[in-house]
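FYI, side chains are in, hydrogens and waters are out, and symmetry mates aren't considered; it's all heavy atoms of this structure. FYI, the numbering just counts along the sequence from 1. Bear in mind that the values here come from a model prediction, so they are computed numbers and not experimental data.
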Amino acid sequence: MKTFKRLLLMSLLLSLFVSVNAIPAPVVKAEGVPTDMITMNKNSKIIVHNGVSTTAAQPLTFIKGVSYIPLKAIAVEYGYKVTYDVVKKEFIAKLDSTELRLKANSSTLMQNGSKITMSGPAINQAGSFMVPVKAWANLTGSKLTLSGTVMNLTWSTLPKAASAAFEVAAPTVIYAGQTTVQYVDKSFVPDGSGIINEEWIGRMDVFPEPGTYTVTHRIQDGNGVWSEPYTVTIEVKAPNQPPVADFSIEKPVYRIGENVIYTDRSTDDENAITKTTWTGNNTAFFEAGDYPVTLEVQDNYGLTSTVTKIVSISNEVLYTRDQYSMLFTPVGANMAINGTKVKDYPALTSNPVSEPAQMVRSNSPETWTTEGIAYDDQLLGEIRFMFHNQNNIGVPVKMYLLATNLGDKTANVGVGATGIGGPNPQVAATGKMSAARYLAALNAKPATSWTTVKPGETKDVLPIISKAPIKQDDVFSAFADLVTDQRLQFQIVVVQDGKDPVLTLPSLSYLTRDTHVRGTFNGSNRTIELTSTIGHEPQRLVIGDGKLDTFMDGYDGLTGNLEVNRGNFGVLYKLKLPHVAARTLISVNPRGGYYMGAFLVNGNLVTLPTNGTTVKDANEAGVLYRTGESEESVEIVFTIAPGGNLPIAMLFTPLPEIRW
């Protein structure tokens with residue numbers, strides 16, 4: 001009996017043990033543990049994904065040792081969406097933030113913009129786009145195994161762990177007690193469960209002492225899992241010191257009209273002075289007395305320092321204001337003069353020699369109010385085009401120079417020197433810049449760029465003038481030298497930005513002229529040579545008055561009427577002065593209002609004025625050149641800048657003697 005009871009008890013215990021161990025243990029899926037498996041057989045269309053079978057368009061194929069599978073069949077099993085870019089002829093596979101771009105017969109693909117080399121080229125087979133299986137495994141982080149004719153792909157679709165990250169948003173240098181540090185959180189939770197908690201260690205907005213600091217951050221995702229800590233090392237420097245403003249003056253006392261020499265001696269602990277502001281630092285003073293001069297300097301962190309010193313001026317006169325201006329006003333800058341006295345300067349006369357050069361001036365209507373054809377003429381040979389207009393149409397527009405070949409021979413059209421000003425709202429500034437850039441191009445002697453216009457063809461032959469749209473109220477000025485070996489019909493057209501000028505041309509009407517000038521003129525290169533010695537006394541040469549400098553005659557290509565080029569805009573002047581006396585100041589004095597322009601003086605470009613303002617009226621002159629201690633030959637090449645007021649006077653005045 002005891003034996004039976006013992007056997008029964010053992011049987012019950014064994015039964016209980018077996019039943020307990022029969023309960024399946026819970027499955028824990030850790031990151032990196034495979035959760036998905038695809039099984040494929042060579043030459044079979046069947047794809048088995050986690051026990052579920054689907055049929056591909058083409059079988060698993062081996063070609064020259066490379067296994068291939070249809071992209072759409074394999075990509076859909078991974079959750080990718082596949083599309084086709086007809087323009088680029090690329091297949092696109094996208095999943096979340098990953099984009100793959102593949103082309104047939106190419107062994108490379110683009111993964112989020114980066115080039116990846118595959119184990120073989122992608123191919124088209126019987127209408128299906130096929131990719132190497134090994135390449136797909138590498139792209140998706142899958143494990144590829146092959147046993148006989150059976151191929152397996154395994155991978156994990158488990159979400160990755162949350163990751164903590166941040167950036168320190170601060171200047172390059174962080175100063176103790178001064179720099180406020182901002183932290184930009186870059187943490188990421190792949191499964192979208194969000195951040196429910198975070199921990200910072202060592203974080204401070206302002207670090208009190210210089211040294212090395214470590215800041216650590218970690219986050220807890222919505223599943224309660226903490227990320228690995230993310231640490232950044234921050235170097236904190238000693239507090240930045242403000243700069244120290246200082247300057248020296250060469251002499252304790254200066255004379256009236258004497259150059260004052262200021263030497264900036266400011267310092268900064270990091271040599272980082274970014275702004276220097278002077279107040280009262282005149283180059284010379286013209287009344288006796290004490291004058292405060294202030295210098296303020298600022299470093300790259302906004303800290304400033306200021307110093308003021310006194311410049312003492314005695315009663316002794318070295319130069320008067322006028323004498324000083326003549327001697328020391330920089331080339332390109334303005335100086336004050338007595339405009340009334342200029343009329344008493346003897347006027348220099350000459351016999352200008354005009355070369356048979358053609359010029360088209362497109363300046364009327366100066367303000368566009370509608371689209372249309374601004375000019376039209378048939379021309380052959382060398383032509384200079386001058387454009388100066390303002391947009392008041394209400395929408396951005398572009399201007400084009402179209403050439404139509406009405407003959408039976410192909411025309412060759414060359415473009416030489418060009419100069420553009422604008423588009424911008426400043427009338428005089430655009431004219432000044434177009435003249436300056438044109439003269440600079442002339443001086444550089446650019447190679448001619450050629451294009452052809454076939455018989456019956458209409459073509460844009462000056463695309464440089466239509467690069468930028470001309471907005472409402474903007475002004476556009478330009479000069480351009482062209483040459484053609486066949487007679488062409490040239491049309492200057494203005495159309496709304498975005499329209500094709502050639503297609504729009506048949507619907508355009510001629511623009512009605514205003515009081516400004518448009519026309520075709522000959523003899524537009526004018527040489528003036530003064531053979532006598534000039535500069536021993538004040539003298540003037542008048543340009544653009546229509547009397548001493550006569551205006552050119554021409555015709556309006558739209559109406560055929562006689563046209564006078566008032567102001568001689570577009571004329572290229574070459575002023576030859578073989579005998580300019582020693583110590584002569586050459587300057588430009590506007591006689592009809594303000595003027596801005598440009599001049600080539602002995603091959604050097606001088607813009608008037610260099611500081612961007614204007615030579616405002618007859619009581620100012622812009623300095624062009626000073627001769628040295630002996631007689632010189634001077635050549636000045638210029639064209640009247642569009643937007644300027646005429647006439648102008650070229651002044652030649654003796655310089656005061658140098659005093660010490």
Side-chain angles (χ1 to χ4, degrees), residues 29-33 78-81 92-101 108-117 138-142 155-243 268-275 297-305:
K29 294 183 177 181
E31 181 183 352
V33 175
Y78 280 75
Y80 281 81
K81 181 180 179 182
I92 305 169
K94 296 188 70 174
L95 175 63
D96 298 330
S97 60
T98 300
E99 181 186 80
L100 308 175
R101 286 181 169 264
T108 61
L109 61 83
M110 301 301 292
Q111 183 180 40
N112 292 344
S114 299
K115 185 179 289 187
I116 304 294
T117 301
N138 292 336
L139 289 168
T140 57
S142 303
W155 73 99
S156 175
T157 56
L158 285 175
K160 294 181 180 180
S163 60
F166 66 93
E167 290 181 357
V168 176
T172 305
V173 180
I174 299 174
Y175 295 102
Q178 293 179 333
T179 306
T180 299
V181 179
Q182 295 181 340
Y183 301 86
V184 180
D185 195 349
K186 299 285 187 178
S187 301
F188 180 61
V189 181
D191 66 2
S193 62
I195 299 173
I196 62 172
N197 201 0
E198 64 177 344
E199 180 183 55
W200 290 88
I201 300 174
R203 170 173 171 164
M204 286 184 281
D205 293 337
V206 178
F207 291 90
E209 300 294 336
T212 301
Y213 295 81
T214 57
V215 179
T216 301
H217 185 216
R218 67 179 188 138
I219 61 171
Q220 186 181 36
D221 66 17
N223 301 312
V225 179
W226 282 94
S227 70
E228 291 295 320
Y230 183 85
T231 299
V232 172
T233 300
I234 298 176
E235 296 293 333
V236 179
K237 296 186 66 174
N240 176 47
Q241 300 301 312
D268 181 67
D269 62 333
E270 294 185 342
N271 293 321
I273 293 176
T274 58
K275 185 178 180 181
V297 293
Q298 178 177 301
D299 70 9
N300 57 350
Y301 284 92
L303 299 180
T304 61
S305 174

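To the nearest 0.5 Å, the span separating CH2 on Trp200 from OG1 on Thr216 amounts to 9.5 Å. Summarising the geometry, atom CG belonging to Asp269 is positioned 7.5 Å from atom CG belonging to Asp299; distances are rounded to the nearest 0.5 Å. Between the NZ atom in Lys237 and the CD atom in Gln178 there is a gap of 11.5 Å [rounded to 0.5 Å]. Note that the OG1 atom of Thr231 and the CD1 atom of Ile201 stand 8.0 Å from one another [nearest 0.5 Å].
Listed by chain and number, the residues in a side-chain hydrogen bond (donor to acceptor under 3.5 Å, both in side chains) with Thr98 amount to none (sequence neighbours excluded). For Thr212, the side-chain hydrogen bond (donor to acceptor under 3.5 Å, both in side chains) test picks out Glu235, with sequence neighbours left out. For Glu198, there are no salt bridge (Lys or Arg N to Asp or Glu O under 4.0 Å) partners, not counting sequence neighbours. Evaluation of the side-chain hydrogen bond (donor to acceptor under 3.5 Å, both in side chains) rule for Thr179 yields no partner, not counting sequence neighbours. When the salt bridge (Lys or Arg N to Asp or Glu O under 4.0 Å) test is applied to Lys94, no partner is found at least two apart in sequence or on another chain.
Looking at Ser163 and Ser227, their side chains never bring a donor and an acceptor atom within 3.5 Å of each other. Remark: the Ser142 side chain and the Tyr78 side chain contain an N/O donor-acceptor pair separated by less than 3.5 Å.
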For this session: Go through the steps to decide whether Trp155 and Thr140 satisfy the test side-chain contact (heavy atoms from CB on, under 4.5 Å), and finish with yes or no.
Result: CA-CA 8 Å; Trp155 73 99; Thr140 57; 5.8 Å; no
Exercise. Checking side-chain contact (heavy atoms from CB on, under 4.5 Å) for the pair Leu109/Leu139: CA distance, chi angles, key distance, verdict?
Worked result: CA-CA 10 Å; Leu109 61 83; Leu139 289 168; 3.4 Å; yes
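The shortest side-chain heavy-atom distance between Thr108 and Thr117 falls under the 4.5 Å cut-off. Looking only at side-chain heavy atoms (C-beta outward), Lys275 and Thr304 stay at 4.5 Å or farther from each other. Val168 is not listed as a side-chain neighbour of Val215, based on a closest heavy-atom distance of 4.5 Å or more.
Judged purely by atom type and a 3.5 angstrom limit, Asn223 has no side-chain atom pairing as donor or acceptor with the backbone of Val225. Side chain of Asn112 to main chain of Glu99: a donor-acceptor pair is present (N/O by atom type, distance under 3.5 Å, no hydrogens or angles). Side-chain N or O atoms of Gln111 include none that pairs as donor or acceptor with a backbone N or O of Ile116 at under 3.5 Å.
For residues 206-218, the set of pairs meeting the salt bridge (charged side-chain N to carboxylate O under 4.0 Å, His left out) definition, not counting sequence neighbours, comprises Glu199-Arg218.
Using bins of under 30°, 30° to 60° and over 60° for the plane-to-plane angle, the ring pair Phe166/Tyr230 lands in the perpendicular bin.
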